[in-house]
Amino acid sequence: MAGLRSLLVCIVVVAATIVIPTSAQLSASFYNRVCPQALPAIRRVVKQAIFREPRIGASLLRLHFHDCFVNGCDGSILLDDTSSFTGEKTAFPNANSVRGFDVIDDIKNAVDKACKGSVVSCADILAVAARDSVFLLGGPDYKVQLGRRDARNASVNDANRNLPPPLFSFSQLLSNFQAHGLNLKDLVVLSAGHTIGLARCTTFRARIYNDTNIDPKFAASAKYNCPTTGGDNNTRPLDSTTRRFDNIYFKALLQQKGLLHSDQELYKNNGTDSDKLVLKYSRNSESFAKDFANSMINMGNIKPLTGNNGEVRLNCRKIN
């Protein structure tokens, strides 16, 4: 009996050494002790996914953005519908649009294997996968703040209310970002996430047929694959170097070649602060990279669940 008690005490002591750290603050070193293999494991899977399909990098970046703008960076966008809530996947900005969930599943499996348990949250996986996607496609490699926990619910209505649509005006875009604790610089620089990836015809049809601040040849080219009716899911690159993270996005705005209405709203050539930022980033790729990294960190700090709030999901698609 004494031997059994000693064994049980030993087990408890060992278990105590692998408890996930809890903190009210995010930290780049959050997993350094509990699982130093976590971040390398995430990057390996993201690298493999981008090698198979370069577009997936933009999809993973967008998942993080759409997660953070709906009740904070809490992994809620990954949750499937249940009998008690309708999740965010079917919200208007997300339906038939957000993608990459299978890659997140692959990452979760790889990280749990590397860590010998479920210690890394799905919300943190989204943040790191977004960073790795940006870096692997030529963008900055910044330190992600970690320690988020996962939400136990999701809301289709909150997603519809909080995610800015491509038809928003500049004032609507700025108000939306400010409502999430972000500022003008964050708006301009984070919009340049559109330097990678594709857009569906349904998101830019109104711009190419109705807007006047658009290069005529650019509009005509876009109309070729986006008719006035039909072809909603036909895609077009968001900029001319869609597989490389660079500042071509800003140079396109100067030429009135922003594909989305919301993109071109950032530059109207009338001397606004937004115009000045677009000009700055079009001329200085290093400044863009630095500010993009800082704004991604700012966005990743939107209302995270920390400490004992939320949970660390075993499966990113459902609550424990």
### Query
Who else is in Leu238's hydrophobic cluster (ILVMFWY, side-chain heavy atoms under 4.5 Å, direct or via others)?
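Under the 4.5 Å side-chain rule, Leu238 groups with Phe204, Ile208, Tyr209, Ile214, Phe218, Leu259, Leu260.
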### Query
Can you find a pair of side-chain heavy atoms, one from Leu184 and one from Ser274, that are under 4.5 Å apart?
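Yes, side chains in contact.
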### Task
For the residue pair Val120 and Tyr31, establish whether any side-chain heavy-atom pair is separated by less than 4.5 Å.
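Counting from C-beta outward, Val120 and Tyr31 do come under 4.5 Å.
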### Query
Is a donor on one side and an acceptor on the other found under 3.5 Å between the side chain of Arg149 and the backbone of Ser121?
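A pair under 3.5 Å: no.
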### Query
Can you check whether Ala123's main-chain N or O pairs, donor with acceptor, with Asp74's side chain at less than 3.5 Å?
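No, Asp74 side chain to Ala123 backbone: no donor-acceptor pair under 3.5 Å.
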Working to the nearest 0.5 Å, report the span between [atom1] of [X] and [atom2] of [Y].
X	Y	atom1	atom2	result
Asp211	Asn213	CG	CG	5.5 Å
Arg243	Arg55	CZ	CZ	11.0 Å
Ile125	His64	CD1	NE2	13.0 Å
Ile56	Ile50	CD1	CD1	8.5 Å
Phe101	Leu63	CZ	CG	5.0 Å
Gln48	Ile107	CD	CD1	10.0 Å

So which atom in [X] and which in [Y] form the shortest heavy-atom distance, rounded to 0.1 Å?
X	Y	value
Ser133	Val46	OG-CG1, 3.7 Å
Lys280	Ser287	CE-OG, 2.9 Å
Asp106	Arg52	OD2-NH2, 4.4 Å
Leu253	Tyr267	O-CD2, 3.5 Å

Would you check if there is a donor-acceptor pair between the side chains of [Y] and [X] at a distance under 3.5 Å?
X	Y	result
Asn157	Ser155	no
Asn301	Arg148	no
Ser84	Thr82	yes
Asn233	Arg200	yes
Lys143	Ser29	no
Asp232	Thr202	no

### Query
Aromatic rings Phe69 and Phe177: how do their planes relate, parallel, tilted or perpendicular, breaks at 30° and 60°?
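Geometry flag for Phe177 against Phe69: perpendicular rings.
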### Task
Over 60° means perpendicular and under 30° means parallel, so classify the ring planes of Phe288 and Tyr281, tilted if in between.
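Taking Phe288 first and then Tyr281, their aromatic rings sit tilted (interplane angle of 30° to 60°).
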#### Entry: Pairing of Arg43 and Asp141 as salt bridge, 4.0 angstrom limit
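Counted as a salt bridge, because a side-chain N and a carboxylate O are separated by less than 4.0 Å.
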### Query
Charged N to carboxylate O below 4.0 Å: is that the case for Asp158 and Arg161?
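Salt bridge flag = yes for Arg161 with Asp158.
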### Message
Does Ser171 form a side-chain hydrogen bond (donor to acceptor under 3.5 Å, both in side chains) with Ser169? I'd like the steps, not just the answer.
### Response
CA-CA 6 Å; Ser171 60; Ser169 67; 3.2 Å; yes
### Task
Might you confirm whether atom CZ of Arg99 has over 12 heavy atoms from other residues, nucleotides or ligands at distances under 6.0 Å?
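Enclosed.
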### Task
Please report the C-alpha distance between Asp80 and Lys89 in whole Å, then the side-chain angles of each, then the deciding distance to 0.1 Å, and finally whether the salt bridge (Lys or Arg N to Asp or Glu O under 4.0 Å) criterion is met.
CA-CA 7 Å; Asp80 290 335; Lys89 292 180 179 179; 2.5 Å; yes
